[in-house]
Asks: 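Right, I'll just put the structure down here and ask away after.
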Amino acid sequence: MTDWTDPDTFAQALEEVETKEKGNCFEDFEEGDIIEHDPGLTLTQFGNEQWMSQTLNHDPAYWRSDAAAARGFDEPPVHPDYLTAATLGITVEDLSEKGGYFLGRTDVRFPEAPVYTGTELHVESEVVNTATSSSRPEYGIVSWRTRGTDAETGDVLCSYERTNMIPRREPMATDGSGAAAAEDEDEPTLPDEFIAPEGGYFEDFVAALEDADDENAAVAYRHERGRTQDDVTVASLPLSTLNTAKQHHNVDVMSDSPSGNIVTYGDVTRSTALGHARSDEQTWREVGFDDESFHTFVAVGDTVYAFTRVLEAEDDASSDAAGTVRFQHIAFNQNDEPVYSGTRTAEIRKRSN
Ligand SMILES: C/C(=C\C(=O)SCCNC(=O)CCNC(=O)[C@H](O)C(C)(C)COP(=O)(O)OP(=O)(O)OC[C@H]1O[C@@H](n2cnc3c(N)ncnc32)[C@H](O)[C@@H]1OP(=O)(O)O)C(=O)O
């Protein structure tokens, strides 16, 4: 009788059986397709606090009821980074489990009203663009518009447009022209001076921008904190958002990939850098994010730091207690290499309130 557990027999069986594959290839996506993501997720206090604590997001309004009340919340709400990560995590099984690189995201928006724990999240995506990759014939580039809604009320809680490289079933035939084109790049020019705001209130950002206007200067600074990536940030946090991308939890498969190892979920890298930045400001409300890009991989043992450039400040926030500031944040690693960049619009508390 065949012993199926005999190693040679089993190896042969493994080679001959079909693999029940997960995920979709580039060819499976067509512009206009609507994909409802199943399962949804209940945004729990545990999930929220686990995400915030591991990414060093310590804004008291998300942790304590008195601080929440002072911000006008009924109770500590769901943090926008956890909401964003959960809205994306749920989509991975349908959109990028095949092994796509998360290239970027834009038009990330949140409603003014806070989202409370216990809310059931329903997520849906539409394919908005498919394109061939001129540099990587084995991949295509797909963009989706995704909306996370309150399953009970239908209110939109988080929306964005995201772009991934997705493996093709069959590589494209190319004439090789895409890979060769080396661009003429202008010499980088930096301002003569860098100014850091004195504090983290709206008025401090306005004053720093005014000072910079008088000089050839930029308002730009780095944050001291760093967070070394470990098994929790790399594997556990994405799994807690139902993100099934093998990049984050299958060392066996990833040992054969360009990174050679499991890599940090882009939303963990980003949220960690934002946590460092927020620790040096008085955040009132997150409005949105644009032009987000993931430049290179972050893996276990890498340390995520943050750099901030203040772009503009306007006194036009949803509350008199705050003003609106637009930032560019760059996450970088221990070798000073940028790993994430994006612009962020946030309402920042005024000192006078
Ligand atoms: C979620 C989730 C997965 C993850 O979270 S994975 C972790 C986060 N992502 C990463 O770590 C990716 C880090 N990035 C890289 O390692 C490199 O950027 C990458 C993907 C290897 C590409 O390197 P290249 O040097 O080849 O980069 P290029 O700048 O030449 O770009 C290649 C093509 O992509 C197009 N492209 C790049 N960025 C964008 C963008 N934001 N939007 C649209 N298209 C973009 C670029 O134009 C190039 O196009 P070609 O036609 O010239 O090939 C999950 O599962 O979703």
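When a ligand or atom number is given, it counts from 1 through the structure's own listing order.
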Asks: Which atoms of ligand 1 have any heavy atom of T264 under 4.0 Å away?
Replies: 7 (C)

Asks: Check this for me - ligand 1, S96, N or O atoms closer than 3.5 angstrom, yes or no?
Replies: yes

Asks: With respect to atom 45 (C) of ligand 1, which of L103, V339, T244 exhibits the smallest heavy-atom separation?
Replies: L103

Asks: Assess whether ring-ring contact (aromatic ring centres under 6.0 Å, His included) is satisfied between F202 and W284, documenting all intermediate values.
Replies: CA-CA 10 Å; F202 177 67; W284 179 262; over 10 Å; no

Asks: Yes or no: does T106 have any heavy atom under 4.0 Å from an atom of ligand 1?
Replies: no

Asks: Using a strict cut-off of 4.0 Å, indicate which atoms of ligand 1 neighbour a heavy atom of M165.
Replies: 32 (C), 33 (C), 34 (O)

Asks: Among all residues two or more places apart in sequence or in another chain, which pass the side-chain contact (heavy atoms from CB on, under 4.5 Å) test with Q247?
Replies: A245, M254, V263

Asks: Show the atoms of ligand 1 that are less than 4.0 angstrom away from any heavy atom in L88.
Replies: 1 (C)

Asks: Indicate whether any N or O donor in one side chain lies under 3.5 Å from an N or O acceptor in the other, for T119 and D150.
Replies: no

Asks: Which residues pass the side-chain hydrogen bond (donor to acceptor under 3.5 Å, both in side chains) test with T149, sequence neighbours left out?
Replies: none

Asks: Is the closest heavy-atom distance from E97 to ligand 1 below 4.0 Å?
Replies: no

Asks: For ligand 1, which atoms, with element, lie under 4.0 Å from some heavy atom of T296?
Replies: 11 (O), 13 (C), 14 (N), 15 (C), 16 (O)

Asks: On the ring face of Y101, is R136 found with NZ or CZ under 6.0 Å from the centre and within 45° of the axis?
Replies: yes

Asks: Quick one about E49 and S53 (side-chain donor to acceptor, distance below 3.5 Å, no hydrogens or angles considered), yes or no?
Replies: no

Asks: Please could you name the atoms of ligand 1 that A245 approaches to less than 4.0 Å, counting only its heavy atoms?
Replies: 55 (O)

Asks: Closest by any non-hydrogen atom to atom 50 (P) of ligand 1: pick that one out of S134, G23, A85.
Replies: S134

Asks: R162 near ligand 1, heavy-atom distance under 4.0 Å?
Replies: yes

Asks: Can you measure from CD1 (I348) to CZ (R285) and round to the nearest 0.5 angstrom?
Replies: 11.5 Å

Asks: Heavy-atom distances under 4.0 Å decide this one: backbone, side chain, both or neither, for D267 against ligand 1?
Replies: neither

Asks: For D107, is there an ion pair with R109 - N to carboxylate O distance below 4.0 angstrom?
Replies: yes

Asks: Compute the shortest N/O to N/O distance between R136 and ligand 1 and return yes if it is under 3.5 Å, no if not.
Replies: yes

Asks: Of Y265, Y139, Y101, F294, which has the heavy atom at the shortest distance from atom 14 (N) of ligand 1?
Replies: F294

Asks: Is it true that the side chains of N48 and H79 contain a donor and an acceptor less than 3.5 Å apart?
Replies: no

